[in-house]
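We name chains A, B, ... by the order of the sequence lines, and we start the count at 1 in each one.
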Amino acid sequence: MQFSKTLINWYSINKRSLPWRETKDPYFIWLSEIILQQTQVKQGLPYYEAFLREFPSVFQLANANESDVLKLWQGLGYYSRARHLHATAKYVVNELNGEFPKSFKELIKLKGIGDYTASAIASICFNEPAAVVDGNVYRVLSRYFGIDTPINSTKGIKEFKLLAQELIDKKKPADFNQSIMEFGAIQCKPQNPDCSVCPLNISCVALKQNRIDQLPVKIKAVKAKKKYFNFLVFISEDGKTILEQRKTKGIWQNLYQFPLVETKSEMDFNTFKKHIDNHELLKNSSFDLSFYNETSIVHKLSHQHLYTKFWIINVKNLETKGVSINNIKDYAVPILIGNFIESFRF
DNA sequence: AATGCGGGGGC
DNA sequence: GCCCCAGCATT
């Protein structure tokens with residue numbers, strides 16, 4: 001197939017030099033693939049290097065505490081990846097003697113490994129002809145073949161997977177998979193690709209029909225909801241503050257934060273002072289309230305916009321409820337909290 | 001089939 | 001402001 005040959009040839013010339021491309025060790029490939037889910041190389045690379053420094057093998061990762069793994073993951077987002085990464089490391093060490101499964105069928109059973117990641121590991125590490133379909137593959141195939149089935153519909157997911165599976169070079173599954181993804185990342189970019197230098201421009205359907213900017217088709221995402229977060233930043237005279245671990249499902253599960261009061265709207269000083277008067281951590285004690293930011297900090301997640309205020313609460317002492325302010329950098333926190341901690345002078 | 005989950009960057 | 005990103009789990 002000319003399509004596959006062209007991609008593999010393009011890849012051999014244009015591929016970026018990246019650390020996980022120097023190995024077929026499933027631990028390294030697995031780690032890189034989990035980190036790179038929904039994450040660009042530029043953002044994930046430093047995390048990959050940090051994880052390998054801290055956990056050179058699956059055994060060190062399995063022996064770590066989840067809190068330490070989350071701390072290292074801090075800032076990368078989609079924290080369930082880190083929790084599943086750790087759980088799978090423990091499973092591989094404890095149940096599989098530290099050896100990763102060697103087939104798509106077995107790999108996909110592991111936590112945090114879905115169709116894409118199982119295909120990536122099986123092809124790159126074990127030469128199994130399992131086609132990867134990530135955001136890049138959707139884009140390349142939808143444009144080159146002029147397919148307008150929505151890529152995030154059930155029909156589209158099946159259709160593109162089938163097509164990729166037909167196109168894969170069964171003799172070079174690793175090269176084919178990586179070539180089509182790299183091609184999507186560098187040549188067939190989301191915005192303003194330079195089709196004049198594309199090795200596939202002669203036969204690209206979208207280019208011929210002048211539909212490059214209309215493909216791939218995607219079903220619209222729901223709009224983000226607004227939420228109003230008020231963090232209680234306690235400061236005691238003996239140098240302590242309060243951090244709590246988020247145990248509920250939802251965003252930032254198992255990360256730490258200052259005690260959170262969610263409200264229906266943005267709080268001004270007087271309203272908020274009344275609002276928290278009966279708060280569990282404040283009743284029967286005197287406190288001095290002030291704000292860190294008078295206008296909300298807007299933190300945008302994919303599905304929520306968080307209008308956030310940090311409230312400074314000076315108290316006499318916090319006894320055992322508090323943690324030493326000197327140690328707060330040891331806790332894994334959302335980037336929203338992390339940015340505050342960095343800029344606030346305790 | 002639909003929803004939730006982060007954060008950074010491009011335009 | 002909207003879209004995109006080496007997706008997965010849950011319901």
Side-chain angles (χ1 to χ4, degrees), chain A residues 11 15-16 18-21 29-48 70 73-85 87-88 107-121 123-124 131-140 150-158 160-161 164 174 176-186 188-193 213-225 227 246 248-255 298-306 332-339:
Chain A
Y11 181 64
K15 69 176 171 187
R16 291 167 289 183
L18 297 168
W20 49 84
R21 290 196 171 142
I29 300 299
W30 168 65
L31 179 62
S32 73
E33 293 298 345
I34 301 298
I35 287 174
L36 292 172
Q37 287 167 7
Q38 299 287 281
T39 303
Q40 317 204 82
V41 168
K42 187 183 174 188
Q43 191 189 1
L45 184 54
Y47 286 84
Y48 176 80
L70 283 172
W73 198 271
Q74 178 177 312
L76 199 52
Y78 284 149
Y79 296 93
S80 66
R81 290 185 292 172
R83 300 195 307 272
H84 290 142
L85 183 83
T88 291
L107 284 162
I108 202 170
K109 294 177 183 172
L110 302 177
K111 279 186 185 171
I113 296 186
D115 191 289
Y116 164 78
T117 306
S119 301
I121 299 172
S123 62
I124 294 170
V132 294
V133 185
D134 72 337
N136 292 309
V137 177
Y138 282 123
R139 190 166 52 255
V140 172
I151 59 171
N152 54 346
S153 65
T154 304
K155 184 163 178 281
I157 292 167
K158 285 171 69 176
F160 283 98
K161 175 76 182 181
F176 174 80
N177 277 342
Q178 293 180 89
S179 72
I180 191 170
M181 290 192 285
E182 187 79 341
F183 183 79
I186 293 177
C188 197
K189 296 185 296 184
Q191 310 292 336
N192 306 318
D213 59 348
Q214 295 162 32
L215 293 172
V217 174
K218 205 169 181 180
I219 297 168
K220 277 280 185 188
V222 292
K223 271 188 67 176
K225 288 176 182 151
K227 292 195 170 188
R246 292 181 67 95
T248 53
K249 286 195 174 182
I251 59 170
W252 305 329
Q253 192 184 347
N254 291 8
L255 271 67
V298 186
H299 185 71
K300 294 183 176 180
L301 309 180
S302 298
H303 301 279
Q304 301 177 28
H305 290 178
L306 309 178
V333 297
I335 206 70
L336 172 62
I337 306 283
N339 288 342

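As rounded to the nearest Å, C:dT11 and B:dG6 have P atoms that lie 16 Å from one another. Using C1' as the reference atom, B:dC5 and C:dC5 are 14 Å apart when rounded to the nearest Å. Rounded to whole Å, the separation between the C1' atoms of C:dA6 and B:dC11 comes to 23 Å.
Along DNA chain B, the nucleotide closest to A:Leu255 and the one closest to A:Lys225 are compared, and the more 5′ of them pairs with A:Lys225. Mapped onto DNA chain B by nearest heavy atom, A:Ile251 and A:Ser153 fall at different nucleotides, with A:Ser153 at the one closer to the 5' end.
Evaluation of the salt bridge (Lys or Arg N to Asp or Glu O under 4.0 Å) rule for A:Lys220 yields no partner, not counting sequence neighbours. Applying the ring-ring contact (aromatic ring centres under 6.0 Å, His included) test to A:Tyr138 and every residue at least two apart in sequence or in another chain returns A:Phe160. Residues satisfying the side chain to side chain donor-acceptor pair (under 3.5 Å) test with A:Asn254, not counting sequence neighbours, are A:Glu66. A:Gln253 pairs by the side chain to side chain donor-acceptor pair (under 3.5 Å) definition with A:Arg83, not counting sequence neighbours. Checked against side chain to side chain donor-acceptor pair (under 3.5 Å), A:Tyr116 has the following partners two or more places apart in sequence or in another chain: A:Glu33. Residues satisfying the side-chain contact (heavy atoms from CB on, under 4.5 Å) criterion with A:Asn152, sequence neighbours excluded, are A:Pro150, A:Lys218, A:Ile219. Contacts of A:Tyr47 classified as ring-ring contact (aromatic ring centres under 6.0 Å, His included), with partners at least two apart in sequence or in another chain: none. A:Gln178 pairs by the side chain to side chain donor-acceptor pair (under 3.5 Å) definition with nothing, not counting sequence neighbours. With sequence neighbours left out, the salt bridge (Lys or Arg N to Asp or Glu O under 4.0 Å) criterion links A:Lys223 to no other residue.
Within a 6.0 Å sphere centred on NZ of A:Lys111, heavy atoms belonging to other residues, nucleotides or ligands number 12 at most.
Residue contacts shown for A:Gly44 are absent, as no nucleic acid heavy atom lies under 4.0 Å away.
Taking every nucleotide of DNA chain B with any atom under 4.0 Å from a non-hydrogen atom of chain A, the first and last of them, 5' to 3', are B:dA1 to B:dG8.
No donor-acceptor pair under 3.5 Å is formed between the side chain of A:Arg21 and the backbone N or O of A:Lys15.
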> Tell me, what's DNA chain B's dot-bracket, Watson-Crick or G-U with both distances under 3.5 Å, | for other-strand, [ ] crossing?
Replying inline: |||||.|||||
> Which letters describe nucleotides 1-11 of chain C, given B = protein heavy atom under 4.0 Å from base, S = only from sugar-phosphate, - = neither?
Replying inline: S-SSBBBSS-S
